[in-house]
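Presented below is the structure to which this report refers.
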Number of protein chains: 2
Amino acid sequence: MPTGRRPRVTHSLENVVEASIALLDEDGEGALTFRALAARLGGGVGSIYWYVSSKDELLDRATDEVMGRVLAGTDDLVDDSDPIGTLRAVSLAMFDEMVRRPWLGSFLMRNTGVQTNSIRLFERLGQQVMRLDLSPQQRFHAVSSIVSYVVGVAVDMAQPPPKEFFESGLEPAEFLKAYADGWRAYDADEFPFLHQIADEFERHDDADVFRSGLDMLLQGLRVQAGA
Amino acid sequence: MPTGRRPRVTHSLENVVEASIALLDEDGEGALTFRALAARLGGGVGSIYWYVSSKDELLDRATDEVMGRVLAGTDDLVDDSDPIGTLRAVSLAMFDEMVRRPWLGSFLMRNTGVQTNSIRLFERLGQQVMRLDLSPQQRFHAVSSIVSYVVGVAVDMAQPPPKEFFESGLEPAEFLKAYADGWRAYDADEFPFLHQIADEFERHDDADVFRSGLDMLLQGLRVQAGA
DNA sequence: CGAACTATAGAACACTGTTCGAGAAAGAGC
DNA sequence: GCTCTTTCTCGAACAGTGTTCTATAGTTCG
């Protein structure tokens, strides 16, 4: 029984990581500060350092936690009879999670010492590539490239729309149009590609773009494996 | 003639951007602070805000400046008779610059409103893709994917080696080995891929990996274009 | 009960980007 | 020569950050 004063709060690593993820989900990367986190946990700033030795470690732990969920969620996507199909399915699952949590991309693959689940995902992709007729070096290159591509798209999506978006309260579609109009403002003779592409960009879907590039990559892999 | 007191310094946007790039080159992203920048310019902190309205803009300007140099440096790489070869050459030039300046990757493609040269590079890639037999949508997807891949690799390389590297003063090669040993410490049955790959990783060259993935991507593009 | 350990709390520190206002330098008009 | 205006410099001050430190509350265990 507390002796009258406000009772002290008690934390745990799970609590801390969970609250961190919640803050990141709600308001993005900038919302995760030790003070905001402490307030959410109902305690003091210093306490967090009992469980985590720096903000970097906190971010790594949060990232690793959601990567763990991705890993678990892709368990039944593994189909050993179709390695490339599995590569595709797992990559798409990662993409989905990145759509759900745009902050993920910024921290992915930062400190593989702590982010064990990222390594597990790396391994999962690798095991599929092992079923293809490739040299170890080719396998290493293939998985590295897929990861780089996924991370690249992730970074793209991690960028919040400029603040003008929030200020002028435009719909996402309208904002896309405004962006495309920015391209159309360039000189048509000097920038033919920008003009040809503006329409596509205006009605594009991130998932389509992602899938398209992924399929190019996998097609290249297929050719390399001599299928 | 100054009246005895220390004479005032005079700046320019070029000066400011130049000094920023120098700081970034010398000690990385963390070294660029307004105070360090002011000290280097021999003036006060406030003056910088006359030329630039925020640190984000400063970073955008610095990034755009070096992208401009990449753009200029790739002028003579353009070979209209070999679109895919040109895509490859331009991408490799970007990779080279990212090796030289690891901080580049972190800021690439952040604010296309300010980073005009990034758009020009986008256009340069696009014009090559326009020579292939593809739909506008396919072209848009192709260039976006290449850029995502390049940025993904850039981000990989932007990560400074953990501080243990500086502390223990290891050679780069030894550090790579230490990293590979970390992989070998995982259970061999559960992580067959990690083990098969450890040797490759230990003696890998970033440029090889980059080229390999790029070629996969371009091979996929070639197939799509029905060549 | 008392000692040892685990864990919490919040003030204090060093550092960041940014704002602000005072004022110096340089022209423009007369 | 003198003003008035504009352009630009400067550094103190502010709000916010991650991190460190120390006091101390709660718990465990002998």
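FYI, side chains are in, hydrogens and waters are out, and symmetry mates aren't considered; it's all heavy atoms of this structure. Proteins get letters first, then strands, A, B, ... in listed order; numbering begins at 1 in each.
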Name the closest nucleotide to the A:Phe34 side chain, picking from C:dT8, D:dT19, D:dG11. D:dT19

Would you say B:Tyr49 reaches C:dC20's phosphate, i.e. side-chain N/O to OP1/OP2 under 4.0 Å? no

If you check every side-chain atom of B:Val9, which of D:dC10, C:dT18, C:dT8 has the closest atom? D:dC10

Does the separation of the ring centres of A:Trp183 and A:Phe193 fall below 6.0 angstrom? no

Does D:dC8 have OP1 or OP2 sitting under 4.0 Å from an N or O in the side chain of B:Ser47? no

What about A:Arg35, does its side chain sit under 3.5 Å from the base of D:dG18 through a donor-acceptor pair? yes

So if I take every side-chain heavy atom of A:Val45 and compare against C:dG10, C:dT8, D:dT9, which nucleotide ends up nearest? C:dG10

Hey, are A:Asp208 and A:Arg211 close enough for a salt bridge, meaning a charged N less than 4.0 Å from a carboxylate O? yes

Under-4.0 Å salt bridge between B:Glu97 and B:Arg100: yes

Base, sugar-phosphate, or nothing for A:Leu32, non-hydrogen atoms under 4.0 angstrom? sugar-phosphate

Quick one: label B:Thr33 by what it contacts on the DNA or RNA (base, sugar-phosphate, nothing), any heavy atom closer than 4.0 Å. sugar-phosphate

Which side chain to side chain donor-acceptor pair (under 3.5 Å) pairs, counting each pair once, include a residue from residues 22-32 of chain A, with sequence neighbours left out? A:Asp25-A:Arg101, A:Asp25-A:Trp103, A:Glu26-A:Arg40

Both B:Asp56 and A:Ser12 contact DNA chain C. Taking the nearest nucleotide for each, which residue is further toward the 5' end? A:Ser12

In whole angstrom, what separates A:Ile48's CD1 from D:dT20's P? 13 Å

Send over the distance from A:His11 NE2 to D:dA25 P, rounded to a whole Å. 17 Å

Phosphate oxygens OP1/OP2 of D:dT9: is one of them under 4.0 Å from a side-chain N or O of B:Trp50? no

Of the nucleotides C:dG17, C:dT8, D:dC10, which has the atom closest to the B:Lys55 side chain? C:dG17

Would you mind classifying the nucleic acid contact of B:Leu37 as base, sugar-phosphate or nothing, using non-hydrogen atoms under 4.0 angstrom? nothing

